[in-house]
Peer 1: 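Have a look at this one.
Both ligands and their constituent atoms are indexed starting at 1 by order of listing.
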Amino acid sequence: MSSTLIAGIAELVTNDPAAGDGSPLGVVANAAVVVDEGGIAWAGPSARSPAADARTDLGGRAVVPGFVDAHTHLVFAGDRSAEFAARMAGTRYDGGGIATTVAATRAASEDTLRALLAGRIAELRAQGTTTVEIKSGYGLTVADEQRALRLAAEVTPETTFLGAHVAPTGSAREEYLDLVTGDMLAACAPAARWIDVFCEPASPHAFDGDEARTVLKAGRAAGLGLRVHGNQLAPGPGVALAVELGAASVDHCTHLTGADVDALASGDTVATLLPGVEFSTRSPYPDARSLLAAGVTVALATDCNPGTSYTSSMPFVIALAVRDLRMTPAEALWSATAGGAAALRRTDIGVLAPGRRADLTVLDAPSHVHLAYRPGVPVARALDVGG
Ligand code: NIG
Ligand code: FE
């Protein structure tokens, strides 16, 4: 390996407030970066750049930290476009469609699932995502959940056991929860970093607060970190439970009470907002401004899944966050990078500074504002340094 100087960066977003303009994005104009052994060796104004073995010129483009998509469900087969079309005609989402994907995923061969997953990972990377979290949850048997996690672990260290997605059709809830917290957890924990639960008493398919607590405590005892799907369809116990148990993140947060916002502000659980879901289920958007005003750490993620948000595009999510969550372009970019890193409790990503991973995303644009200013235009891609 040798060092590479990446020059010609019109705007470098570092997320390092000590660098550049002193803002949270730590913006450096006319910048350069030196990459060595997959890490950042140096970042700063090009006038002061050190020598390196090789040189690439980006010709006046912007560079931002690679997007951290901290919530996806990428291991699945099948199609639910008809469900989407019905929803656009007025049918409400309640989680019942998950069973369709479970059936298609169980029926798919391991090679088919691996190929589908590889295609989705390529799609993410082509749009600037360099870290992705992947959940199981479309298997719901010991063997099928274990298979999903094994496949996910082939492409990311951020793997999440979501056996408690819904109680599968035809199974008694209590028996299923015993399985999830018993044999299924034991089989899945070796390939998982996290455990998650769909805590949503408003859905007849998902789990209530007591059930979710049981699942999360079992996961914690097995050595897994905690994540929660909470408050997606209605106000509920998910957010408070996540904060109480010290979960790394509670995701969706579509329906929050003042007490939920206060709880989040008092703890260190990240609120991960998934506006692709509100877009694709035609639901009200979460109140990002209240969370930010209270000092809550906010992340943005795609929730890429075939039911509620079949997008792999972090730029699309950023555009929604700016337009509909009323986040500034700077806040949205921070949440899609450093926010995602916080939601995964990672300190090696989300910031472009010496010693961090050289996960760089280049924009075919002179500034990060173009991510929201040019919605639907493929401006972002992960940079292959030396490639
Ligand atoms: O994050 N809400 C629960 N799980 C997914 C949707 C799963 C599906 O409908 O297939 C979500 O929105
Ligand atoms: Fe999800």
Side-chain angles (χ1 to χ4, degrees), residues 69-88 91-106 108 116 120 132-140 144-145 148 152 158-169 194-208 211-212 215 226-234 236 238-239 242 247-255 270-286 299-312 317 320 340 343-344:
D69 191 349
H71 183 140
T72 79
H73 306 247
L74 293 184
V75 187
F76 67 88
D79 178 276
R80 282 159 63 194
S81 54
E83 180 188 323
F84 173 77
R87 207 157 51 231
M88 291 303 105
T91 307
R92 274 172 66 102
Y93 177 82
D94 74 350
I98 293 171
T100 307
T101 303
V102 169
T105 304
R106 285 179 184 168
L116 287 168
R120 290 173 191 137
V132 63
E133 179 266 13
I134 302 177
K135 301 173 199 302
S136 66
Y138 292 124
L140 311 187
D144 289 300
E145 285 295 299
E158 302 299 341
T159 52
T160 301
F161 170 48
L162 181 58
H165 198 183
V166 290
T169 324
W194 306 98
I195 187 165
D196 195 343
V197 54
F198 186 10
C199 177
E200 195 71 59
S203 162
H205 311 283
F207 300 95
D208 67 23
E211 292 167 332
V215 169
L226 311 185
R227 325 187 67 75
V228 177
H229 278 72
N231 302 50
Q232 175 185 359
L233 304 177
V239 168
S249 183
V250 58
D251 302 27
H252 288 283
C253 298
T254 311
H255 298 272
V270 172
T272 298
L273 307 183
L274 312 167
V277 174
E278 283 77 38
F279 179 88
S280 297
T281 58
R282 196 171 272 144
S283 303
Y285 285 96
L300 288 166
T302 62
D303 195 9
C304 186
N305 78 79
T308 60
S309 182
Y310 197 4
T311 181
S312 52
V317 168
L320 288 179
L344 294 172

Peer 1: Are Ser136 and Glu145 linked by a side-chain donor-acceptor pair shorter than 3.5 Å?
Peer 2: yes
Peer 1: Within the structure, is a non-hydrogen atom of Thr101 found at a distance of less than 4.0 Å from ligand 1?
Peer 2: no
Peer 1: Numbering the atoms of ligand 1 from 1, which are under 4.0 Å from a heavy atom of His252?
Peer 2: 1 (O), 2 (N), 11 (C), 12 (O)
Peer 1: Got the closest protein heavy atom to atom 4 (N) of ligand 1, with its distance?
Peer 2: His165 NE2, 2.8 Å
Peer 1: Taking the cut-offs as 6.0 angstrom to the six-membered ring centre and 45 degrees off its axis, would you call Arg282 and Tyr93 a cation-pi pair?
Peer 2: no
Peer 1: For atom 12 (O) of ligand 1, grab the closest protein heavy atom and report residue, atom and distance to one decimal in Å.
Peer 2: Thr308 OG1, 2.7 Å
Peer 1: Need one value: angle at the Fe ion (ligand 2), His229 atom NE2 versus His73 atom NE2, rounded to 10 degrees.
Peer 2: 100°
Peer 1: Mind running side chain to side chain contact (heavy atoms under 4.5 Å, CB included) on Glu200 and Phe207 for me, showing each step along the way?
Peer 2: CA-CA 6 Å; Glu200 195 71 59; Phe207 300 95; over 6 Å; no
Peer 1: More than 12 foreign heavy atoms under 6.0 Å from CZ of Phe279: is that the case here?
Peer 2: no
Peer 1: Heavy atom to atom 6 (C) of ligand 1, shortest distance: which of Tyr310, Phe198, Tyr93 holds it?
Peer 2: Tyr93
Peer 1: Classify the angle between the aromatic ring planes of His252 and His71 as parallel (below 30°), tilted (30 to 60°) or perpendicular (above 60°).
Peer 2: perpendicular
Peer 1: Might you point out which heavy atoms bring Val132 and Glu158 nearest each other, and give the distance in Å?
Peer 2: O-CB, 3.6 Å
Peer 1: Side chain to side chain donor-acceptor pair (under 3.5 Å) for Thr160 and Glu133? Distances and angles first, verdict last.
Peer 2: CA-CA 7 Å; Thr160 301; Glu133 179 266 13; 2.6 Å; yes
Peer 1: Of all N/O/S atoms in Asp303, which lies nearest to the Fe ion (ligand 2)?
Peer 2: OD1
Peer 1: Measure the acute angle between the ring planes of Phe76 and Tyr310, then classify it against the limits of 30° and 60° as parallel, tilted or perpendicular.
Peer 2: perpendicular
Peer 1: Quick one: nearest non-hydrogen protein atom to atom 7 (C) of ligand 1, plus distance?
Peer 2: Tyr138 OH, 3.3 Å
Peer 1: Students should be able to answer this: which protein heavy-atom is nearest to atom 11 (C) of ligand 1, and at what distance?
Peer 2: Asp303 OD2, 3.1 Å
Peer 1: Where is the nearest protein heavy atom to atom 2 (N) of ligand 1: which residue, which atom, and how far?
Peer 2: Gln232 OE1, 2.6 Å
Peer 1: Which atoms from ligand 1 have a heavy atom of His71 less than 4.0 Å away?
Peer 2: 1 (O)
